[in-house]
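Notes follow the structure.
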Amino acid sequence: MLHRTPFFLPMLYPSLTWRVEGARKELYLTFDDGPVPGPTEFVLETLAAYQAKATFFCIGDNVRKHPDIFRRIAAQGHVTANHTFNHMNGWKNNATDYKQNVQRCQEEMTLQAKPAHSVASRPLFRPPYGRITRNQILALQDFNIIMWDVLSVDYAKSLARERCLRNTVKATRAGSIIVFHDSLKAEKNMTYALPRLLDHFSALDFQFKTLA
Ligand SMILES: [Zn+2]
């Protein structure tokens with residue numbers, strides 16, 4: 001199971017963000033596919049216990065269904081970001097439909113946000129499955145497209161939770177953008193690996209920051 005992004009991908013797509021260069025003892029946790037009652041609340045409580053901040057790539061339809069949890073993410077000092085309205089696969093849709101789905105998510109987030117909700121000057125976007133075409137990248141120039149350096153693979157149910165933790169810790173380095181999922185599918189591995197990863201890197205004096 002591949003946990004570290006292969007070195008050539010950032011070279012092929014240099015306009016996307018894969019890792020925070022020059023970061024010292026800083027890590028960037030990201031959570032995809034929420035907000036979902038249960039997993040998202042677990043993440044918020046766990047992050048608070050370690051005074052860690054993170055970035056949440058939300059599915060627009062989940063924001064519509066769970067606006068209270070969505071608002072709680074921002075209220076606790078985390079950043080909310082765009083992950084399309086329906087978890088759209090970029091390789092199966094054209095740039096026009098894709099952009100429309102991203103905009104729909106952005107509108108839903110704006111609608112549900114409270115005025116105090118911090119909105120990034122250049123909103124953040126992460127393509128579901130990491131699948132995005134060059135035309136879609138061009139269509140989304142208003143967004144800062146965030147990929148990742150470390151994938152926890154927490155959604156793989158066949159992956160033992162101890163292994164999920166070990167591989168994720170091993171792949172992490174200063175400036176890493178780490179992907180977890182606040183989804184039901186990932187719950188078994190994420191709820192095990194997240195607090196232990198926070199514990200491990202907090203003891204080494206790392207800080208956990210938002211991407212915007
Ligand atoms: Zn996703």
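As the structure lists them, so they are numbered: ligands from 1, and atoms in each ligand from 1.
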Task: Over 12 foreign heavy atoms within 6.0 Å of NZ, Lys53 - done: yes

Considering only distance and modelled atom types, tabulate donor-acceptor pairs under 3.5 Å from the side chains of residues 18-25, sequence neighbours left out.
residue: Trp18; atom: NE1; partner: Tyr13; partner atom: O; Å: 3.1
residue: Arg19; atom: NE; partner: Ala174; partner atom: O; Å: 3.3
residue: Arg19; atom: NH2; partner: Ala174; partner atom: O; Å: 2.9
residue: Lys25; atom: NZ; partner: Leu204; partner atom: O; Å: 2.7

Task: Charged tip of Arg196 within 45° of Tyr192 ring normal and under 6.0 Å - done: yes

- [ ] Can you label the angle between the Phe201 ring and the Phe206 ring as parallel, tilted or perpendicular, going by 30° and 60°?
- [x] perpendicular

TODO: Compute the ring centroids of His87 and Tyr129, then answer whether they are less than 6.0 Å apart.
DONE: yes

Open item on the list: If the threshold is 4.0 Å, N to carboxylate O, is there a salt bridge linking Asp68 and Arg71?
Closed with: no

TODO: Around the Zn ion (ligand 1), list the protein N/O/S atoms within a radius below 2.8 Å, excluding water molecules.
DONE: Asp33 OD1, His83 NE2, His87 NE2

